[in-house]
Amino acid sequence: MPELPEVETTRRGIAPALLERRVVEVIVRERRLRWPIPASLESVLPGQIVRRIERRAKYILIRFDAGTLILHLGMSGSLRVLKSDVRPELHDHWDIRMDTGMLLRFHDPRRFGSLHWTEFDPRLHPLLVKLAPEPLTQRFDGEYLFRLTRKRAVAIKQFIMNSQAVVGVGNIYASEALFRARIAPRRAARRISRTQAHLLARAIKDVLTEAIKIGGTTLRDYVNAEGTPGYFRQRLFVYERAGELCRVCKSPVKRFVQGQRSTYWCPACQH
DNA sequence: ATGGGCACCTGGCTGC
DNA sequence: TGCAGCCAGGTGCCCA
């Protein structure tokens with residue numbers, strides 16, 4: 001999926017077309033996402049006005065007076081703002097039509113995305129309530145990371161991808177942050193030094209912030225609300241660069257599998 | 001509690 | 001051309 005920068009780019013992209021606008025119709029073509037789309041949506045949403053659009057981890061929260069839509073893009077999901085007369089294509093699973101003649105359209109070939117509705121505080125929703133701090137806040141820093149990693153035997157790469165440790169760091173930015181912090185991805189979390197914890201927290205913040213600035217990373221499916229890709233791919237140091245030369249030391253970038261996910265790293269730079 | 005593996009899906013690419 | 005096998009921005013759940 002889209003990781004935090006792509007979700008944030010999407011959030012910012014859809015907001016102008018939706019804020020303070022009224023929903024006129026919800027059209028669901030395929031209810032079978034990761035969880036079935038609630039049957040109540042088509043009756044609950046029309047007439048409601050979008051009040052705020054927020055992000056928590058990789059979830060986008062669309063707040064109305066009556067409740068909140070909680071949506072996730074999964075691995076291949078994207079949201080676009082289009083004119084209401086644009087014909088849906090394969091894998092365009094739902095639309096929310098606004099009173100402006102525009103619509104919000106969800107496209108997701110793999111259907112790992114999801115859409116929930118809650119009338120309660122969305123931060124207390126079962127999917128959100130146990131999430132770790134946001135990486136781009138002060139609560140997440142080197143001391144936090146150092147403290148949390150003590151006694152953890154799991155590899156540091158899997159640790160920073162665990163949403164109960166820190167949210168928003170997916171497979172691309174985990175490899176990239178570890179490269180920037182010069183930490184080997186297989187190192188046990190409890191074996192990173194305090195200095196390394198500080199470097200890693202800094203690297204995570206930096207890589208996510210830089211990626212947001214240029215609209216995220218597009219590998220395959222991802223497009224922003226205007227349908228255009230993100231350009232951070234050109235700035236990747238290791239991800240999907242196995243066999244190519246390290247941009248820092250010119251030795252070959254390596255790939256291996258960790259927890260069923262590809263990890264990319266430079267064995268010469270990272271220890 | 002922690003860690004590991006599986007499952008959910010479709011589609012693109014490679015190699016025979 | 002066809003087809004098998006592998007790979008892909010995620011994450012909840014089950015098991016040891």
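Each chain gets a letter, A, B and so on, in the order its sequence line appears, and its residues count up from 1.
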S.K.: Using a cut-off of under 3.5 Å, enumerate the N/O to N/O pairs linking the protein to nucleotides 8-12 of chain B.
M.R.:
from: B:dC9; atom 1: O3'; to: A:Arg111; atom 2: NH2; distance (Å): 3.0
from: B:dC9; atom 1: O2; to: A:Arg110; atom 2: NE; distance (Å): 2.9
from: B:dC9; atom 1: N3; to: A:Arg110; atom 2: NH2; distance (Å): 3.4
from: B:dT10; atom 1: OP1; to: A:Arg111; atom 2: NH2; distance (Å): 3.1
from: B:dT10; atom 1: O4'; to: A:Pro109; atom 2: O; distance (Å): 3.3
from: B:dT10; atom 1: O3'; to: A:His91; atom 2: NE2; distance (Å): 3.1
from: B:dG11; atom 1: OP1; to: A:His91; atom 2: NE2; distance (Å): 2.7

S.K.: For the P atoms, the ones on C:dT11 and on B:dA1, what distance do you get once it is rounded to whole angstrom?
M.R.: 22 Å
S.K.: Ignoring hydrogens and geometry, is there a side-chain-to-backbone donor-acceptor pair from A:Arg56 to A:Leu131 under 3.5 Å?
M.R.: yes
S.K.: Just how far, in rounded Å, is C1' of C:dC7 from CZ of A:Arg220?
M.R.: 7 Å
S.K.: Please confirm whether the ring centroid of A:His107 lies under 6.0 Å from the ring centroid of A:His93.
M.R.: no
S.K.: With the threshold set at 4.0 Å, does a side-chain nitrogen-carboxylate oxygen contact exist between A:Glu8 and A:Arg11?
M.R.: yes
S.K.: Keeping A:Ser175 on the side-chain end and A:Tyr264 on the backbone end, is there a donor-acceptor pair under 3.5 Å?
M.R.: yes
S.K.: For A:Lys58 and C:dG12, give me the distance from atom NZ to atom P, rounded to whole Å.
M.R.: 10 Å
S.K.: Is there a Watson-Crick or G-U wobble partner for B:dC9 with both distances under 3.5 Å, and if so, which one is it?
M.R.: none
S.K.: From CD of A:Glu3 over to C1' of C:dT11, roughly how many Å is that when rounded to an integer?
M.R.: 13 Å
S.K.: Answer yes when A:Arg63 and A:Glu54 have at least one side-chain N-carboxylate O distance shorter than 4.0 Å, and no when they do not.
M.R.: yes
S.K.: Any ion pair linking A:Arg51 and A:Glu20 (charged N to carboxylate O, less than 4.0 Å)?
M.R.: yes
S.K.: Send over the distance from A:Leu131 CG to C:dT11 P, rounded to a whole Å.
M.R.: 9 Å
S.K.: Who passes ring-ring contact (aromatic ring centres under 6.0 Å, His included) against A:Phe112, sequence neighbours left out?
M.R.: none
S.K.: Roughly, in whole Å, what's the span from CZ in A:Arg261 to C1' in B:dA7?
M.R.: 13 Å
S.K.: Salt-bridged, A:Arg194 to A:Glu143, with N to O below 4.0 Å?
M.R.: yes
S.K.: CZ of A:Arg233 versus P of C:dA8: gap in Å, rounded?
M.R.: 12 Å
S.K.: For A:Leu71 and C:dG10, what is the distance between atoms CG and C1' respectively, to the nearest whole Å?
M.R.: 14 Å
S.K.: If you take any heavy atom closer than 4.0 Å to DNA chain B, which residues from residues 150-164 of chain A end up in contact?
M.R.: A:Arg152, A:Ala153, A:Val154
S.K.: Run the salt-bridge test on A:Glu244 and A:Lys254 with the 4.0 Å N-O cut-off and return the result as yes or no.
M.R.: no
S.K.: In whole Å, I'd like the distance from the CG atom of A:Leu219 to the C1' atom of C:dG10.
M.R.: 14 Å
S.K.: Please tell me which of the listed nucleotides, C:dG10, C:dG12, B:dC6, lies nearest to the side chain of A:Trp35?
M.R.: C:dG12
